[in-house]
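Notes for the one structure printed next.
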Amino acid sequence: MSIRNIRELGDEILRKKSKEVREMTPRLQTLVEDMLETMYESYGVGLAAPQVGVLKRLVVIDVDDGQGPIVMINPEILETSGSQTGEEGCLSVPGKHAQVTRPDYVKAKALDINMEPFEIEGTGLLARCILHECDHLDGIMYVDKAEGPILNNEEE
């Protein structure tokens with residue numbers, strides 16, 4: 001496993017639509033492991049493949065809720081409801097945050113690391129994280145949805 005470089009706002013790859021994953025390969029398995037290591041090393045709660053320069057529909061998430069890391073391959077949002085507004089940041093926009101309103105509940109389907117289908121439901125931070133990371137797969141970043149200024153992490 002190795003730490004990958006995280007692409008930052010302004011890198012054109014972050015604005016491109018990712019391609020569907022068709023099969024699990026040793027190279028893709030390594031990418032998943034590297035993404036998890038990179039996310040943990042950077043103290044993130046989610047990371048999408050485009051953030052490490054790979055245009056694949058793959059995200060990893062760990063909101064530290066006791067269920068461990070979640071690997072979502074080809075994720076699709078099935079349902080959302082409610083509303084939550086809160087501070088959001090991104091490893092691709094280091095040192096910054098902004099207020100973003102997102103649904104408070106999400107239901108999604110994806111393939112796991114074994115390419116087996118599963119569904120996941122989440123509220124609060126998990127919902128925010130799933131939606132944020134899935135946005136990355138379509139070239140959308142939280143700064144596009146920010147309500148008000150993008151602030152430095154020291155500012156309120």
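Keep in mind that what you see is a predicted model, and the values were worked out from it rather than measured. Basis for what follows: all heavy atoms, side chains included, without hydrogens, waters or symmetry-related copies.
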- Message: Can you confirm whether the side chains of Thr101 and Gln84 place a donor and an acceptor under 3.5 Å from each other?
- Response: no
- Residue pair Leu28 / Glu23: nearest heavy atoms and the distance that separates them: CD2-O, 3.7 Å
- Exactly one of Asn114, Leu58, Leu111, Asp112 clears side-chain contact (heavy atoms from CB on, under 4.5 Å) with Val71, and that residue is Leu58
- Task: Can you tell me which residue pairs pass the salt bridge (charged side-chain N to carboxylate O under 4.0 Å, His left out) test with a partner in residues 94-104, sequence neighbours excluded?
- Result: Glu88-Arg102, Arg102-Asp135
- Item | Minimum-distance pair of heavy atoms, taken over all atoms of Met141 and Leu14 | SD-CB, 4.0 Å
- Any side-chain heavy-atom pair from Glu8 and Pro94 closer than 4.5 angstrom? yes
- To the nearest 0.5 Å, how far apart are CG in Asn74 and CD in Glu20? 4.5 Å
- Task: Grab the two heavy atoms, one from Met39 and one from Val60, that are nearest each other, plus how far apart they are.
- Result: SD-O, 3.9 Å
- Item | Approximate separation, where rounding is to 0.5 Å, of Ile3 CD1 and Glu37 CD | 4.0 Å
- Message: Please report the interatomic distance CD(Glu121) to NZ(Lys109), rounded to the nearest 0.5 Å.
- Response: 14.5 Å
- Shortest non-hydrogen pair, Cys90 vs His136, comes out as SG-NE2, 3.4 Å
- Glu147, CD atom: more than 12 neighbouring heavy atoms under 6.0 Å: yes
- Message: Is there a path of hydrophobic side-chain contacts, each under 4.5 Å between heavy atoms, that joins Leu47 and Ile113?
- Response: yes
- Task: Kindly indicate, with the supporting measurements, whether the criterion side-chain contact (heavy atoms from CB on, under 4.5 Å) is fulfilled by Met115 and Ile73.
- Result: CA-CA 8 Å; Met115 300 298 283; Ile73 299 167; 3.9 Å; yes
- Message: Test of understanding: with side chain to side chain donor-acceptor pair (under 3.5 Å), list the residues that count as partners of Lys19, not counting sequence neighbours.
- Response: none
- Task: Check the pair His97 / Ile150 against side-chain contact (heavy atoms from CB on, under 4.5 Å), numbers first and verdict last.
- Result: CA-CA 6 Å; His97 69 274; Ile150 310 297; over 6 Å; no
- Going by side-chain heavy atoms closer than 4.5 Å, which hydrophobic residues are tied to Ile77, directly or by a chain of links? Val45, Val59, Ile61, Val63, Ile70, Met72, Val106, Phe118, Ile120, Leu125, Leu126, Ile130, Leu131, Leu137
- So do the side chains of Met35 and Val52 get within less than 4.5 Å of each other, counting heavy atoms only? yes
- Task: Please lay out, stage by stage, how Val143 and Leu9 fare under the test side-chain contact (heavy atoms from CB on, under 4.5 Å).
- Result: CA-CA 9 Å; Val143 295; Leu9 185 63; 4.2 Å; yes
- Task: Flag the pair Arg27 and Asp34 as a salt bridge only when some basic side-chain nitrogen lies within less than 4.0 angstrom of an acidic carboxylate oxygen.
- Result: no
- Query: With Ser81, which residues qualify under side chain to side chain donor-acceptor pair (under 3.5 Å), at least two apart?
  - Reply: none
- Message: Starting from Tyr105 and following side-chain heavy-atom contacts under 4.5 Å between hydrophobic residues (I, L, V, M, F, W, Y), which residues can be reached?
- Response: none
- Query: So do the side chains of Glu76 and Arg57 get within less than 4.5 Å of each other, counting heavy atoms only?
  - Reply: no
- Side chain of Asp138, backbone of Ile140: donor and acceptor closer than 3.5 Å? no
- side chain to side chain donor-acceptor pair (under 3.5 Å) contacts in which one or both residues fall within residues 38-49, not counting sequence neighbours: Tyr40-Asp62
- Item | Minimum heavy-atom distance between Ala98 and Ala146, given as atom pair plus value | CB-CB, 3.7 Å
- Considering non-hydrogen atoms only, spot the tightest contact between Leu91 and Gly46 and give its length. CD1-O, 4.0 Å
- Message: Whether Arg15 and Asp144 form a salt bridge (side-chain N of Lys/Arg under 4.0 Å from carboxylate O of Asp/Glu) is what I want to check.
- Response: yes
- Item | Step-by-step side-chain hydrogen bond (donor to acceptor under 3.5 Å, both in side chains) determination, Gln99 to Thr85 | CA-CA 7 Å; Gln99 293 293 308; Thr85 300; over 6 Å; no
- Message: How long is the straight-line distance from OG of Ser92 back to CD of Gln51, given to the nearest 0.5 Å?
- Response: 3.5 Å
